[in-house]
Amino acid sequence: MYYIIIGLLIVNLFLTIFSLFKNINESNITERLGKLEVNVVKELGDFKNSLSKNMNEDFTRLNEQVEKRLLAINERVSERLDQNFEKTNKTFASVIERLSKIDEAQKKIENLSTDIVSLQSILTDKKSRGIFGEVNLKHILSSVFGEKNDSIYRLQYTFSNHTIADSVLFAPEPLGTIAIDSKFPLENYQLMVDKNLSAVERDKYEKLFKMDVKKHIDAISSKYIIPSETSDQAIMFLPAEAIFAEINAYHSDIIEYAYKRRVWITSPTTLISTLTVIQMLLKNIERDKYSSIIHQELNKLGLEFSRYKERWDKLSRSIQAVNRDAESVSITTEKISKKFASINQVEVNTLTTENQEK
């Protein structure tokens, strides 16, 4: 822009010189050239000063804008850094917390591994396995029916044939009294599922495992199904879900054998479901019993209400009769009042006439 102005001034200068050479004599030309030179120099000086001033102002404004932009960018960068630093601190704290939880979980896993090893050593003994099954059974019964609920179940119950069941359940009819006995056939089961053994050996232990389970079924059926004393069925409780799953998945012949012997095989999960159903039956029976009581009381209340209605009708008729008598008395009272009023009026008129005559 500034170079264009300078160029125009130079062109103007040449045009002026050409005009002067054409129309004016040499003396005037010299004088005018001097004045023109002075004017051009002055204008160039003014233009230079104005240009410098404008450029300084532009540079000042540019510097101010740049400083403002830099400050804004610096503030945003600082804010972003603070936010990222805060997020990083939170993430770091969360990582530390999770690492501590992982350490705790690792310790629990180690303790659990120790407990499992100790549990395995305990379950190798038949007597210990029996106690384990009885404790597990007691825990399930108390969880469903509550502690020491003798009206529904009992532990270590003795029958008339002097056999003792781990527990007995007093279910509603037609079920009746059901014996629950805990069995834990473990040794041959472990050998049967051991992959380190050959197929022939595992087949041998599978047959032994089936024999063990069928022996338990026979023992429960012969001991705890007593005519006229217990139900015609009993429950065998397996405290290990794995053994129960193995039987149901791969040994249907055992299930059929138990069905023929009227013995139902259960695991902790299925036993809880069975007991929950029986609990609902007991609640429904209690509800029906109270419903019959409520029905009887409502019938009694209906009789009392009919008596109340008869008495209220009598009282209503008596009140209506009294109301009619009260209306009659009110009419009679009004008539007597009118009579007294007329008598009083006669006396007043008589007295007034006598006074006038006097």
If the condition is side-chain contact (heavy atoms from CB on, under 4.5 Å), which residues does T274 pass it with, not counting sequence neighbours?
I278

If the condition is side chain to side chain donor-acceptor pair (under 3.5 Å), which residues does Q156 pass it with, not counting sequence neighbours?
none

Drop me the distance from L238's CG to L186's CG, to the nearest 0.5 angstrom.
11.0 Å

Rounding to 0.5 Å, atoms OG (S198) and NZ (K204) come to a distance of 8.5 Å

What's the separation between atom OH in Y157 and atom OH in Y224, rounded to the nearest 0.5 Å?
13.0 Å

Residue list, salt bridge (charged side-chain N to carboxylate O under 4.0 Å, His left out) with E134, at least two apart or on another chain:
none

Given 3.5 Å as the limit, does a donor-acceptor pair link the side chain of N149 with the main chain of F145, or not?
yes

At their closest point, which heavy atom of P268 faces which heavy atom of P239, and how far apart are they?
CG-O, 3.7 Å

Would you please name every residue forming a side-chain contact (heavy atoms from CB on, under 4.5 Å) with T269, sequence neighbours left out?
E241, S267

Sorted by chain and number, sequence neighbours left out, side chain to side chain donor-acceptor pair (under 3.5 Å) with S252 holds for none

Answer with yes or no after comparing the ring centroid distance for Y257 and Y259 against a 6.0 Å cut-off, counting only values under it.
no

So OG of S231 and CD1 of I226: to nearest 0.5 Å the spacing works out to 11.5 Å

Taking the side chain from T276 and the backbone from I272, do they hold a donor-acceptor pair closer than 3.5 Å?
yes

Salt bridge (charged side-chain N to carboxylate O under 4.0 Å, His left out) with R202: which residues, sequence neighbours excluded?
none

Heavy-atom closest pair, residues F209 and P185:
CE1-O, 3.8 Å

Cluster check Y250, L208: I/L/V/M/F/W/Y, side chain < 4.5 angstrom
no

Which residues satisfy the salt bridge (charged side-chain N to carboxylate O under 4.0 Å, His left out) test with D203, sequence neighbours excluded?
none

Do the side chains of I164 and L137 join up, straight or via other hydrophobic residues, at under 4.5 Å, putting them in one cluster?
no

So S182 and F237, side chain to side chain contact (heavy atoms under 4.5 Å, CB included) or not? Walk me through it.
CA-CA 5 Å; S182 174; F237 173 63; 3.9 Å; yes

Partners meeting salt bridge (charged side-chain N to carboxylate O under 4.0 Å, His left out) with K138 (sequence neighbours left out)
none

For I265 and I254: C-alpha separation, side-chain torsions, deciding distance, then whether side chain to side chain contact (heavy atoms under 4.5 Å, CB included) applies.
CA-CA 10 Å; I265 303 174; I254 295 178; 4.1 Å; yes

Rounded to the nearest 0.5 Å, how far apart are CD of E147 and NE2 of H139?
9.5 Å

From CA spacing to verdict: side chain to side chain contact (heavy atoms under 4.5 Å, CB included), F159, T230
CA-CA 9 Å; F159 291 104; T230 67; 3.4 Å; yes

For I180, does its backbone N or O pair with a side-chain atom of D166 as donor and acceptor, under 3.5 Å?
no

Provide the closest heavy-atom pair for A234 versus I178 in the form atom of the first, atom of the second, distance.
CA-CG2, 4.2 Å

For Q233, all residues meeting side chain to side chain donor-acceptor pair (under 3.5 Å), sequence neighbours excluded
W264

Heavy-atom pair with the smallest gap, counting every atom of D150 and R154
O-NE, 3.6 Å

Minimum heavy-atom distance V263-I217, with the two atoms named
CG2-O, 3.8 Å

Under the criterion side chain to side chain contact (heavy atoms under 4.5 Å, CB included), I'd like the reasoning laid out for K210 against N188: C-alpha separation, chi angles, the key distance, then a yes or no.
CA-CA 9 Å; K210 288 184 177 181; N188 291 320; over 6 Å; no

Checking N248 now: which residues fulfil side chain to side chain donor-acceptor pair (under 3.5 Å) with it, not counting sequence neighbours?
none

With the side chain counted from C-beta on, respond yes when M192 and E246 share a heavy-atom pair under 4.5 Å apart, and no when they do not.
yes

Between CG on residue L191 and CG on residue N196, distance to nearest 0.5 Å
11.0 Å

Residue pairs passing the salt bridge (Lys or Arg N to Asp or Glu O under 4.0 Å) test where at least one lies in residues 262-281, sequence neighbours excluded
D232-R262

Using every non-hydrogen atom in the two residues, find where F170 and Y153 come nearest and quote the distance to one decimal.
CD1-N, 4.0 Å

Would you say I225 ends up clustered with V168 if hydrophobic residues are merged whenever their side chains have heavy atoms under 4.5 Å apart, either directly or through other cluster members?
no

Residue pairs passing the salt bridge (Lys or Arg N to Asp or Glu O under 4.0 Å) test where at least one lies in residues 212-227, sequence neighbours excluded
D218-R261

